[in-house]
Every structure is written in structure tokens, then in C-alpha cells.
Amino acid sequence: MESILKGKLKEAVRILYNSNISDDLIQIQETRKDFRGDFTVVMFPLLRFSKNTPEKTGETVGNYLLTSFPAIAGFNVIKGFLNLEISNTWWIGYFLEMALEEKLLKRCLVPKPEIILVEYSSPNTNKPLHLGHIRNNLLGFSLYRILSACGHKVIKTNIVNDRGIHICKSMLAWQKYGKGETPDSSGIKGDHLVGKYYVLFEKEYKAQVDDLVAKGVEETDARNSAPLMKEAREMLVKWEAGDKEVIDLWKMMNSWVYAGFDETYKMLGVDFDKIYYESETYKIGREIVISAIEDKVLFRNPDSSVWVDLTAEGLDQKLLLRSDGTAVYMTQDLGTAVLRQNEYGFDRCLYVVGNEQNYHFQVLKAVLKKMGYKWSDGLYHFSYGMVELPEGKMKSREGTIVDADDLIKEMKETAREVSLELGKLADYSVEEKEEIFCKIGLGALKYFILKVDPHKNMTFNPAESIDFNGNTGPFIQYTYARIKSVFRKADQMGIKCDISMSSEMKGGIKEIELVKLLRRFTETVSEAASGYSPALLANYCYDLAKEYNQFYHDFSILGEPDPAIRNFRLALSKVTSEILGSGMWLLGIEMPERM
RNA sequence: GGUUCCGUAGCUCAGUUGGAUAGAGCAACAGCCUUCUAAGCUGUGGGUCGCGCGUUCGAGUCGCGCCGGAAUCACCA
């Protein structure tokens with residue numbers, strides 16, 4: 001409609017004022033709710049052609065459109081705004097077209113699909129996942145779905161940080177204090193078991209440091225010379241040297257962690273097409289760095305550490321290889337990027353990583369560019385904000401880390417309580433009920449996180465559990481289940497939804513509001529894709545659900561005697577449920593048929 | 001100190017490329033279930049959009065300068 005109107009406006013200006021107007025001067029937007037009309041044209045840019053007041057210009061243009069364009073039923077001018085009223089016939093025609101379309105999402109397909117790699121999750125193998133990872137996973141996964149919906153070939157990847165001193169810490173603690181404890185023997189989920197020994201290491205290590213400090217040793221010296229730290233470092237050297245005993249221990253404990261992660265990922269409903277391991281990619285990174293020294297892109301210090309000079313790019317000098325030749329964080333990310341480009345030839349690579357690493361990714365991109373990799377332009381750091389508690393950051397030392405598994409469990413539990421209290425699922429089996437509690441609990445959690453603009457920090461208050469009323473996932477799920485319920489009832493009553501019959505609809509109707517909102521779906525998906533913002537889509541779903549609930553409250557659907565109107569309302573309900581369903585699906589949120 | 005991001009109602013958050021009188025939810029208060037699911041709907045109260053200047057017919061939105069908060073600037077990852 002906007003593009004037709006645009007054409008008509010150009011025509012109007014040509015005929016009325018004998019001038020050609022460029023596209024960017026024509027501003028069309030949906031009319032605000034408190035004014036009469038459907039579309040609003042801003043008159044100010046046209047004044048240079050009309051040489052008249054905004055009001056007069058509005059009148060003249062409005063009259064022209066009214067007589068030359070049948071879809072326009074009327075207009076009014078307020079200040080510099082020309083509000084056009086579109087005929088209901090046009091709206092209904094528009095809606096029918098939409099309702100009969102096989103796959104609405106086809107409208108989102110981009111002309112040039114790209115190969116896009118999305119990296120998300122990126123866990124360390126020494127601790128279980130926490131709330132921060134949940135935000136990361138949900139964002140990454142929904143970006144995958146949204147970009148895929150637009151026709152891109154999207155590959156979900158995960159890079160597991162499975163090497164380094166922190167991994168050795170938990171291994172060492174297990175070796176010293178574990179007494180052969182395993183997930184099976186202890187009944188503890190693998191990632192939590194390994195995490196337990198990481199915490200234990202830190203505790204024992206701190207005790208040693210405190211002890212040394214008490215004996216008069218300087219704090220930094222104490223940290224370096226504490227026996228546990230020494231042992232951990234020795235273990236890392238052994239690991240890098242491929243010592244069989246260490247490697248075997250590493251493999252065993254990692255396998256526990258992976259089994260634990262898999263369970264959490266499954267609960268969250270996320271998965272990956274390809275998993276990279278830093279223990280493999282850091283070697284590639286090292287090779288690349290070494291060959292770049294020969295090309296004089298990098299330089300070597302007298303102590304034989306390798307650096308890149310990015311002062312010309314406004315950044316600092318950055319270390320790429322330690323003086324002992326071992327790799328740092330950046331080294332492995334360089335290797336991973338090159339490996340991925342070789343394997344997939346991606347056009348874009350999205351790193352879903354917290355904003356605390358903004359500098360790191362700036363450097364990564366700059367280094368690759370300096371090394372001559374043209375595809376480095378396609379790297380994009382999807383930088384999202386931290387999840388904070390009311391009192392600030394989560395801190396493991398203060399035990400305020402919100403564990404992912406615990407949180408998911410609590411959400412399900414709350415869903416169960418709320419649901420049982422309402423008692424609408426009495427005739428369901430235990431398994432069916434559990435499945436619904438799961439959908440609702442996770443729906444609440446996922447929506448809570450995804451509705452917030454990704455690049456902002458967000459607050460989570462563990463004391464007040466996540467809401468199930470208002471602007472929440474369950475609210476949207478409820479709306480969906482409600483519509484499903486209407487259709488179950490319609491079946492019982494033998495009422496079929498014959499969309500074509502609603503074309504006989506006439507008259508002034510409030511349902512048009514709903515149509516207007518429905519039509520925004522596909523453009524919202526496109527915006528969410530181009531702006532990398534699932535939040536846009538989440539808030540759209542909320543707006544739609546809210547609008548539908550008003551409609552549902554104000555009008556009877558099945559009780560409506562006029563079949564044309566009844567069918568129209570049924571069709572509206574059907575399209576609403578489909579859009580809510582696929583909108584939430586794009587966010588990775590499942591919808592229950594009943595709740 | 002340098003760089004990046006953020007600052008909107010008591011709280012959590014929306015607010016399209018600058019457009020009209022800044023919106024939701026939660027919390028508080030008052031209503032609505034013999035009729036399609038009340039996890040819903042309706043209403044009331046609540047704001048110097050951190051502060052100032054500038055650009056513009058028009059600024060929560062753009063620019064500059066302050067103030068406040070976060071992150072980062074490691075031979076940690």
C-alpha cells in the first residue's frame with residue numbers, strides 16, 4: 001500500500017505543482033491511533049513545491065487522491081499531517097490475500113542469500129552454564145532461525161574453550177581430592193561435578209595464598225608461588241606436550257562436561273551444526289601467525305614473543321604468541337576464523353559474544369585484514385549486554401551466579417504451580433502436563449530474555465521470579481492456546497472456517513486494527529534480521545497478542561450469527577495464531593495447544 | 001586517562017529512516033466470568049526522556065560538551 005501511495009503522491013505533485021519529487025521526500029507512516037485515518041503523509045517536505053501552508057497543501061493533495069484513487073475513502077488534515085482513510089473493502093481484500101498465502105514468511109526472502117556462520121554459546125569446560133550463557137544461546141539460536149527465514153544459509157557453530165590453565169585447575173583438584181568420583185558414582189551432572197572441583201581448587205589455592213601472605217610474602221608473589229598454582233602450570237605444560245596421563249584425564253573429564261552441556265542445550269532447545277574445539281584450532285592459529293611474520297605483517301620482539309602493531313588502526317600493539325611460543329586467546333580465534341572460511345566460505349560470520357569482548361573482536365578483525373584476508377569484512381561481533389543482578393554483576397566468589405539448570409528447573413516448577421492452581425488441564429496425562437509446564441516455564445524464561453534489546457545490559461532479579469502475566473511469554477502462549485480452543489469448539493459445533501466467505505464483509509469494523517497489525521509481521525521479521533534484533537520480533541508478538549485479546553473480548557466469534565462476519569473473525573483468529581506461532585518459533589519458543 | 005556501550009514512570013522494559021498529546025507490563029487502587037480459556041479485558045494515578053547548548057518547520061531519536069553507570073585497555077580466557 002505504501003508503495004502505491006508513494007506513486008500516487010508523486011503523480012499528485014507532478015500534476016498539481018508541475019514538479020518531480022524524489023522518493024526520500026515522501027514520508028508515509030501509519031496513522032497514530034488517536035487520529036482518524038490509516039496512513040499519514042507528512043506535508044512539510046512538500047511545501048517547497050506547493051508554496052503554500054501545510055494545511056492548504058494537505059487539503060489540495062488530499063482532494064486529488066480522494067478523486068483519483070478509489071481505495072481512499074476520506075482524509076483529514078491536522079497541522080502538517082495528511083491523514084488518509086483507506087476503504088474497508090481494500091483492507092479486507094488485503095487481509096484475504098494474506099490469509100490465503102501458503103507461507104507468509106516467503107515475503108521475507110532476500111534477493112541475495114548469503115552463507116552466514118553464527119557462533120554462539122562458547123562455553124568453558126570447567127564450569128556449568130549460567131544465566132549469561134542462556135542469553136547468549138537464546139540470541140544465537142533465534143538469530144539463526146530469523147536469518148534462515150530470510151533465505152540465508154545459516155550454520156550454527158560453537159567454539160568450545162577446552163584448553164588452558166583453568167581447565168587444568170579443575171583436573172588437578174579432582175586428581176588430588178576427587179577420590180575417583182564420577183557423575184555416575186556421585187549422581188551429579190557432569191558439568192556440575194567438574195565445576196565443583198574448579199571451585200574447590202580456587203578455595204584451596206586461596207588458602208595457600210593467604211597462608212603465604214601471612215608469612216610475609218608479597219601478594220603477587222604468593223599467587224605465583226603457591227604450590228597448587230605451580231602444579232596446575234606443570235600440568236598445562238604436560239598437556240601441551242601430549243602427556244598421556246594428563247590427556248586421558250582431560251578427555252574423561254571433558255566427556256562428563258559435554259554430557260552435562262548436551263542436557264542443558266536440549267532443555268534450552270538449541271543445537272549446533274558444527275562444534276570447534278580450541279584445543280584443535282589454536283594450532284592453526286599458531287601456523288598462520290608464524291607465516292605472517294615472514295610476510296612482515298607481524299614482528300617478533302627480542303624475547304621472541306610475536307606482536308601485531310595496530311596503532312595505525314587506532315588500536316594498540318597486541319600479543320599473538322607468548323615468548324615461550326604458546327598460543328593466546330587471540331591466536332586460536334585467528335585459527336578458528338581461517339578454518340571456518342576454508343570449510344564454509346562464509347559471506348558473514350556472526351560472533352555472539354558479550355560486550356566485554358568488544359576490544360578483542362575489533363582486534364581480531366583488524367589483524368585478519370592486515371594479514372590480507374578480504375573476507376574479514378564479513379566478520380561481525382554481535383555484542384550483547386550482560387545480565388546483571390539488582391546488586392550488580394554475578395560473582396562466583398559471592399556465590400551469586402545464577403545456574404542455568406537450576407533456573408530452568410525453577411521456571412518449570414513455577415509453571416507447574418500456576419497451571420495446577422488454574423486447573424485447566426485436569427484431563428491431561430502426567431506426561432502431557434509435564435510437556436506443557438516445560439513449554440510455559442521455558443517460554444517465560446526465553447521471552448523474558450529475548451524481549452530486551454540485545455545490546456543493552458539487563459537486570460534479572462532472582463528474588464522476584466519471572467512473571468507469567470503481562471508482557472511475558474506465557475501471555476502470548478495463552479493467546480495462542482485460546483485461539484486453538486476457539487477452533488476446537490468450532491469443530492464440535494460443526495463450524496468450518498471458510499475464508500472466502502469473509503469477502504462479503506462490509507461496513508465499519510474495528511477488526512481492521514488487527515489486520516493492520518498482522519500485516520506488519522513479515523516486515524518485522526526482515527527488520528529483526530537486518531538489525532540482528534530478536535527483541536523487535538518479541539515485542540511485535542506481544543503487541544499482536546494484546547490486540548487480539550482486546551478483539552476477543554469485544555467480539556463474539558462463534559456466537560456471531562452473520563456467517564460472513566463469523567468467517568472473517570475466524571480467519572482473523574487463524575492468521576493471528578499462525579503468526580504468533582511462527583513469530584515465537586523464530587525466537588525458539590514453543591507454543592502449547594492448551595494451557 | 002584512552003576506547004566502546006548505556007541513562008525514558010517507584011521497578012522491568014518498548015519507542016522504526018527525526019514527526020502530532022512519550023507507551024506497555026509489574027506494583028497500587030476501582031470494576032468485568034450463567035455466554036468462544038479471567039495466564040484475560042476496562043479504568044485511575046504515576047514523566048524536566050540524566051543536564052546544557054546546537055542543527056531543524058519539528059529532537060527521547062542527530063551533533064558537541066558536561067554528569068552518572070557498565071565494560072575494556074594482561075605473555076587470563
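Residue A/Met458 is classed as a sugar-phosphate contact, given heavy-atom separations below 4.0 Å to backbone atoms only. Here A/Glu593 lies in heavy-atom contact (under 4.0 Å) with a base. The residue A/Phe487 sits apart from the nucleic acid: no heavy atom pair falls under 4.0 Å.
In this structure, the side chain of A/Asp562 engages the main chain of A/Ala564 through a donor-acceptor pair within 3.5 Å. The closest donor-acceptor contact from the side chain of A/Thr157 to the backbone of A/Ile275 lies at 3.5 Å or more, if one exists at all.
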Checklist entry - What is the per-nucleotide protein-contact pattern of nucleotides 20-30 of chain B, from the 5' end, where B denotes a base atom under 4.0 Å from a protein heavy atom, S denotes such proximity for sugar-phosphate atoms only, and - denotes neither? => result BS-SSSS----
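Taking a 6.0 Å sphere around CZ of A/Arg488, one finds it holds more than 12 heavy atoms contributed by other residues, nucleotides or ligands.
In this structure, A/Arg163 satisfies the cation-pi test against A/Tyr282, with its NZ or CZ atom closer than 6.0 Å to the six-membered ring centre and inside 45 degrees of the ring normal.
When only modelled atom types and interatomic distance are considered, A/Glu388 and A/Thr459 share no side-chain donor-acceptor pair under 3.5 Å.
Partners of A/Ser305 by side chain to side chain donor-acceptor pair (under 3.5 Å), not counting sequence neighbours, listed by chain and number: A/Asp303, A/Trp307. Every residue meeting the ring-ring contact (aromatic ring centres under 6.0 Å, His included) condition with A/Tyr548, not counting sequence neighbours, appears here in chain and number order: A/Phe551.
Listed nucleotides: B/C41, B/A39, B/U37. Nearest to the side chain of A/Arg488: B/U37.
In this structure, OH of A/Tyr552 is placed 15 Å from P of B/U42, rounded to the nearest angstrom.
Sorted by first and then second residue, the pairs that involve residues 528-544 of chain A and meet side-chain hydrogen bond (donor to acceptor under 3.5 Å, both in side chains), not counting sequence neighbours, are A/Arg348-A/Tyr532.
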What's touching nucleotides 55-63 of chain B from the protein side, N or O pairs under 3.5 Å?
none

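B/C29 adopts an anti glycosidic conformation, its chi angle falling more than 90° from 0.
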Checklist outcome for this item: Pairing string of RNA chain B (Watson-Crick or G-U wobble, both atom distances under 3.5 Å; | = paired to other strand) is (((((((..((((.....[...)))).(((((.......))))).....(((((..]....))))))))))))....
